[in-house]
Each structure stands twice: as C-alpha cells, then as structure tokens.
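Reviewing the structure listed below.
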Amino acid sequence: MENFGAASLRSRRLESYFNTSSEPNKREVPKYSVDEQIPKREKTDIYLDDNGWSSVLISCFRTVFCFLTMMVTTFVWALIMLLLLPWPYQRIRQGNIYGHVTGRLLMWILGNPIKIEGSEFSNERAIYICNHASPLDIFLIMWLTPTGSVGIAKKEIIRYPLFGQLYILANHLRIDRSNPVAAVESMKQVARAVAKNNLSLIIFPEGTRSKDGRLLPFKKGFVHLALQTQLPIVPIVFSGTHRAWRKGSLHVRPAPVTVKYLPPIQTNNWTVEKIDEYVKTVHETYAKHLPESQRPHQ
C-alpha cells in the first residue's frame, strides 16, 4: 500500500509538471466589461524635435534657399517700387503683391504643414492683430493679409538689408517707440493715412517677439488705432510657429502650423474711458484660441 501511494503521488506531480511546462508563456489577459473603456493615450500639442544630422542638413539647405529667394524677389520689387515713386498707393499695393508672392514661396520652401481656419474673415477692411513668436509669423502675414494693407513697425526696420528699404519704398508705416510723445503723434498720422486711403492695418500687439511662444501682454496701440479709425479688429492666431523656427536659431523644423482668423470685433461704439478693458477683453479672447503651451503664464 505504501509503495502504491508513493507511486500515485509521484504520478500526480509528474502530470502537474508537464501541464505547467507545456504552456510557459500563457498569461492572464485583463478583460474589460462593456461599460469600461480601454485606457487611451492622452493627446497633447507636444511636437517632438528631430535634431538628427539629416534634419539639420535639410533645414540648412531650405534656410539658405529661402534667403536667396527673398533676395531675388526683394530686388525685383524694389525696382518696381522705384518706378512707382510718384504713386504712393500703388506702391502699397505692389508691396502687398510682393508679400503674397514672397511669403507663399518661403513657406513652400520651408515645407511646414499649414492649416488655415476662418479664411472667410481674411478680406475684411480691418485692423489685423497677430501674435509673434517666430520669423515665420512675418512670412505668414506677408502672404495672408489682403491687398490694401499697411504694416506698422519700429523705425529701426530700415536697418534690415534690402527688406527694410523695401518696407519704406512700399509706403508702410513706422513709429518711434523710444519716444512716447513721438509714438502718439505717429499713431495719429497712421490713423489719418488709413482713413484717407481706405487701408487695412497689420500690427503685432505684443510689441515684441515671445521667447517661448506664450502670449505676452498686449500694448494699447491697436486700441487707440481702432478708436481713431473705427475699423473692426480681426485677430489672427498663429499656433506652432515657435516650434518650427525658434528665436536665436536657424534650424527650421517641420512642425505643423495653424493660422486661425477670428470673427471681427466691432469697435464703432468703443470709448476712450474703457481702453484698458478693451485690451484685456481682446487678450483673453485671443488666449482662448491658443493651445495650452502658448497661453500666458497664470
């Protein structure tokens, strides 16, 4: 009996061993009920950099090609502007055509995927305001603003080779930000020129370029211009340009870019007493349409 019991025990252990070893990789798979959802990876607006040598090489080629293209188109339109010196409005128009051609060419060369939303608001006679975080913003605004628009830039823009001189020839406007009294007088002159010639305006309300892409506080200049011209304000929201071409870098990354026109903000009933309130309201409206990574720091 003892020999039989021991043999039976060894037989059961041997059978257990073979049953276990025959399915060594079998694991229990978690099951989800109909009401439960399989966890999904959270979507973010984070763009992953590609800093490999091939990406840097392609970027260098595109950047050089961009500058060469810009030099050629700027030289051609500078000659056109010189021929049109007696006709200021025609120079403005040609400056816009130069921007449409050059801006679109440069963005095509750089190869960033571009999504444009709200284009039905892109042909209004208005004050167009744009956030500024990258050189790409300049190319986009050159391409996308309507004919009959003038920009407002700091007076130092004339120091930029070729482009600065063409800016002056195209009869665009400059202000002296170092002198508050002169800046106010410049704004009044801008308003008179816009009203007289039925022009639109392009302005970066932050007054400078953001270092990290986050929206900076707005200055009051665009509100003063709206009060004097009674033009509506059309915000243009640029998303992703700060990742594509960063401040202080020549490496242009293929990050996707979004351009979003917001509906016009009517200003014909605005009053001087509420300037600060208007600046805050427009800034908040603007921030709501930016991705989280570009919203102002709380």
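All residue numbers refer to positions in the sequence shown, counting from 1.
- Between F222 and V282, some side-chain heavy-atom pair lies under the 4.5 Å cut-off.
- Between E277 and K280 there is no salt bridge, since none of the side-chain N atoms of the basic residue sits less than 4.0 Å from a carboxylate O of the acidic one.
- The shortest non-hydrogen separation linking G95 to M81 is N-CE, 3.3 Å.
- The backbone N or O of L166 sits nowhere less than 3.5 Å from a side-chain atom of Y98 that would complete a donor-acceptor pair.
- S239 OG to Q294 CD: the interatomic distance, rounded to the nearest 0.5 Å, is 5.0 Å.
- For the pair V150 and N171, the minimum side-chain heavy-atom distance is 4.5 Å or more.
- In terms of heavy atoms, P254 sits closest to P113 at O-CD, 3.8 Å.
- Looking only at distances, a side-chain donor or acceptor of H172 sits under 3.5 Å from a matching main-chain atom of G151.
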Could you walk me through whether L144 and I236 pass the side chain to side chain contact (heavy atoms under 4.5 Å, CB included) check?
-> CA-CA 10 Å; L144 296 172; I236 306 177; 5.9 Å; no
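- The aromatic rings of F204 and H132 lie parallel to each other, with less than 30° between the two planes, well short of the 60° mark.
- Taking hydrophobic clusters as Ile, Leu, Val, Met, Phe, Trp and Tyr residues chained together by side-chain heavy-atom distances below 4.5 Å, W87 shares a cluster with L82.
- Both Y261 and V257 sit in one connected hydrophobic cluster of ILVMFWY residues. Membership requires side-chain heavy atoms under 4.5 Å apart, directly or through other members.
- Looking only at side-chain heavy atoms (C-beta outward), E206 and N131 come within less than 4.5 Å of each other.
- Side-chain atoms of M142 and V101, non-hydrogen and from C-beta on, never get closer than 4.5 Å to each other.
- The CD atom of Q266 sits 10.0 Å away from the CG atom of L231 when rounded to the nearest 0.5 Å.
- Heavy atoms only, all atoms of each residue included: S122 and S119 are closest at OG-O, 2.6 Å.
- Atom CZ of R209 sits in a crowded spot, with more than 12 heavy atoms from other residues, nucleotides or ligands closer than 6.0 Å.
- Between I265 and P232 the shortest side-chain heavy-atom distance does not fall below 4.5 Å.
- Both F238 and L136 belong to a common hydrophobic cluster when Ile, Leu, Val, Met, Phe, Trp and Tyr are linked at side-chain heavy-atom distances under 4.5 angstrom.
- Atom CE of M107 sits about 10.5 Å away from atom CD1 of I109, to the nearest 0.5 Å.
- Listed for the S200 side chain is a donor-acceptor partner under 3.5 Å among the backbone atoms of A126.
- L225 approaches T229 most closely through the heavy-atom pair O-OG1, 2.7 Å.
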Worked check of side chain to side chain contact (heavy atoms under 4.5 Å, CB included) between I97 and W77 | CA-CA 9 Å; I97 295 172; W77 258 272; 3.9 Å; yes
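- With a 4.5 Å cut-off on side-chain heavy atoms, W143 and L105 do not count as touching.
- In plain terms, the two heavy atoms of I168 and R174 that are nearest each other are CD1-NE, 3.2 Å.
- Going from atom CD1 of I202 over to atom CD1 of I127 covers 11.5 Å, rounded to the nearest 0.5 Å.
- For the residue pair R214 and S293, no side-chain donor N or O sits within less than 3.5 Å of a side-chain acceptor on the partner.
- Side-chain atoms of I129 and V234, non-hydrogen and from C-beta on, never get closer than 4.5 Å to each other.
- Contacts of Q165 classified as side-chain contact (heavy atoms from CB on, under 4.5 Å), with partners at least two apart in sequence or in another chain: I158.
- The stretch residues 121-140 participates, sequence neighbours left out, in no salt bridge (charged side-chain N to carboxylate O under 4.0 Å, His left out) pair at all.
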Intermediate values then yes/no, side chain to side chain contact (heavy atoms under 4.5 Å, CB included), V252 and R62 | CA-CA 8 Å; V252 183; R62 285 178 167 171; over 6 Å; no
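- When hydrophobic clusters are built by joining Ile, Leu, Val, Met, Phe, Trp and Tyr residues whose side-chain heavy atoms come closer than 4.5 Å, directly or via intermediates, M70 is grouped together with V76.
- P146 approaches Y128 most closely through the heavy-atom pair CG-OH, 3.7 Å.
- Atom NE2 of H242 is separated from atom OG of S134 by 9.5 Å, given to the nearest 0.5 angstrom.
- A donor-acceptor contact shorter than 3.5 Å links the side chain of R91 to the backbone of L85.
- Of the possible donor and acceptor atoms, one in the side chain of R295 sits under 3.5 Å from a partner among the backbone N and O of L290.
- For the atom pair CG of L227 and NZ of K220, the computed distance is 12.0 Å after rounding to the nearest 0.5 Å.
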Could you walk me through whether S149 and N96 pass side chain to side chain contact (heavy atoms under 4.5 Å, CB included), step by step?
-> CA-CA 7 Å; S149 301; N96 295 146; 4.2 Å; yes
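- Under the 4.5 Å side-chain heavy-atom criterion for ILVMFWY residues, a single connected hydrophobic cluster contains both I152 and Y89.
- The side-chain heavy atoms of N112 and T241, taken from C-beta on, include no pair separated by under 4.5 Å.
- Aromatic rings of F218 and Y286 (six-membered ring for Trp) have centroids within the 6.0 Å cut-off, being under it.
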